[in-house]
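Each remark here refers to the structure printed beneath this line.
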Amino acid sequence: MAEILDGLKVSKEIKAEIKLEVEKILENKKRAPHLVAILVGNNGASKAYVNSKVKDCEEVGFRSTLLKFPSTVSESELLEKIDELNKSKAVDGFIVQLPLPDQIDQEKIILAIDPRKDVDGFHPENFGKMALEMDTFLPATPFGILTLLERYNIETKGKDCVIIGRSKIVGRPMSILMGRKDFPGNSTVTLTHSYTKDIEEYTKKADIVITALGDPHFLKGDMIKDGAVIVDVGITRVDDDSPKGYYLAGDVDFDSCAAKASWITPVPGGVGPMTRAMLMKNTIIAYKTSVYND
Ligand SMILES: Nc1nc(=O)c2c([nH]1)NC[C@@H]1CN(c3ccc(C(=O)N[C@@H](CCC(=O)O)C(=O)O)cc3)C=[N+]21
């Protein structure tokens with residue numbers, strides 16, 4: 001029976017550490033770190049995530065600003081706002097919540113963000129630095145997974161790690177990070193995706209499986225080996241008869257996998273809260289390295 005990689009608990013520890021740092025900053029009569037979040041449109045999940053980021057900021061003592069745009073906003077309007085945030089001495093970092101509406105070129109938006117304020121770690125300059133093992137902002141979800149593995153002393157060196165899903169913000173960066181030479185890395189990585197012939201062939205042999213495909217209960221117990229470490233990034237709203245009208249489903253079939261795994265992340269309470277904590281971490285790093293602070 002697997003033990004739980006408790007992302008909610010570790011995220012609280014990390015936020016408490018950041019809060020202490022902020023208190024020291026304020027004792028020295030300096031301004032608090034400031035995160036800005038841009039939300040476009042009315043997507044329920046996006047709204048919920050952004051609101052929780054604002055709440056996290058309050059919790060750790062950051063200043064936060066939520067900028068809302070209608071789903072009809074033009075690309076040039078958004079670019080103008082980004083330019084303003086890039087230049088602002090009062091803003092340490094900002095994020096543009098994804099996905100964006102169709103009329104907006106996501107790539108153009110990400111390229112417009114000053115890499116020094118790109119606390120999501122999505123800018124190609126930061127992605128490149130990540131791949132080259134240079135100091136930079138790591139994307140929050142992969143950073144959260146690494147930190148979770150690190151805090152539970154999960155050995156990754158020499159392990160076979162299989163990642164399912166090659167998204168730009170989770171699977172692909174994760175595949176790079178797990179293979180890096182620094183801890184926790186040094187795994188032998190296989191990145192599987194929709195064209196992989198037989199995913200099971202890989203997951204059955206893996207010491208570590210990281211699922212990021214958004215397919216509820218995809219990974220079943222008979223697809224993993226005994227003692228595997230299972231990290232579930234998936235979080236899909238599935239309609240049901242509960243008062244909320246939905247429940248949150250991971251990519252992992254929890255019960256059958258937990259029966260065989262050594263460690264497993266729950267959904268909710270696993271990778272999600274870690275993602276949020278690492279955004280706070282990146283924001284305080286941005287603050288500390290800001291050219292506007294002495
Ligand atoms: N620019 C940008 N940056 C992102 O980091 C980003 C994004 N866009 N778009 C969407 C995804 C998704 N994402 C999550 C963050 C927190 C939880 C989270 O806290 N989940 C809770 C449950 C939350 C709930 O109750 O709905 C949990 O797993 O326990 C989940 C998902 C960040 N993303």
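First listed ligand is number 1; within each ligand, the first listed atom is number 1. In this text the structure is predicted, and so the values were computed from the model without any measurement.
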When you check the gap from the basic side-chain N to the acidic O, do [X] and [Y] get nearer than 4.0 Å?
{"X": "Lys108", "Y": "Glu75", "answer": "yes"}
{"X": "Lys12", "Y": "Asp6", "answer": "no"}
{"X": "Arg116", "Y": "Asp114", "answer": "yes"}
{"X": "Asp222", "Y": "Lys204", "answer": "no"}

Minimum-distance protein heavy atom relative to [atom]:
{"atom": "atom 10 (C) of ligand 1", "result": "Gln97 NE2, 3.4 Å"}
{"atom": "atom 12 (C) of ligand 1", "result": "Tyr49 CE1, 3.7 Å"}
{"atom": "atom 8 (N) of ligand 1", "result": "Leu98 N, 3.0 Å"}
{"atom": "atom 2 (C) of ligand 1", "result": "Asp120 OD2, 3.4 Å"}
{"atom": "atom 19 (O) of ligand 1", "result": "Arg276 CD, 3.1 Å"}

Would you mind listing which atoms of ligand 1 come within a distance below 4.0 Å of any non-hydrogen atom of [X]?
{"X": "Leu248", "result": "22 (C), 24 (C), 25 (O), 26 (O)"}
{"X": "Pro268", "result": "27 (C), 28 (O), 29 (O)"}
{"X": "Pro273", "result": "19 (O), 27 (C), 28 (O), 29 (O)"}

Are any of the N/O atoms in Gly269 less than 3.5 Å from those in ligand 1?
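Yes; the residue has a nitrogen or oxygen that sits under 3.5 Å from a nitrogen or oxygen of the ligand.
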Just wondering, more than 12 heavy atoms not from Glu107 lying within 6.0 Å of its CD?
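No, not enclosed.
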Would [X] count as a contact residue for ligand 1, given that I'm defining contact as a non-hydrogen atom of the residue lying under 4.0 Å from a ligand atom?
{"X": "Ser52", "result": "no"}
{"X": "Val96", "result": "yes"}
{"X": "Lys53", "result": "yes"}

With backbone taken as N, CA, C and O and side chain as the heavy atoms from C-beta onward, which portion of Ile235 lies under 4.0 Å from ligand 1: side chain, backbone, both, or neither?
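For Ile235, the contact with ligand 1 is made by the side chain alone.
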Measure Pro99 to ligand 1 on non-hydrogen atoms and call it side chain, backbone, both or neither using the 4.0 Å cut-off.
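It is neither; nothing of Pro99 touches ligand 1.
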Could you verify whether a donor N or O on one side chain and an acceptor N or O on the other, from Thr156 and Ser187, lie under 3.5 Å apart?
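No.
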For residues Ile14 and Leu5: do they belong to one hydrophobic cluster (side chain heavy atoms under 4.5 Å, members Ile, Leu, Val, Met, Phe, Trp, Tyr)?
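Yes, it is one cluster - the side chains of Ile14 and Leu5 are joined through contacts under 4.5 Å.
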Looking at CD1 of Ile82 and NZ of Lys117, how far apart are the two atoms once the value is rounded to the nearest 0.5 Å?
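Reported value, rounded in 0.5 Å steps: 12.0 Å.
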Strictly distance-based, threshold 3.5 Å: is any side-chain N or O of Asn86 a donor or acceptor partner for the main-chain N or O of Ala112?
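Yes; at least one donor-acceptor contact below 3.5 Å.
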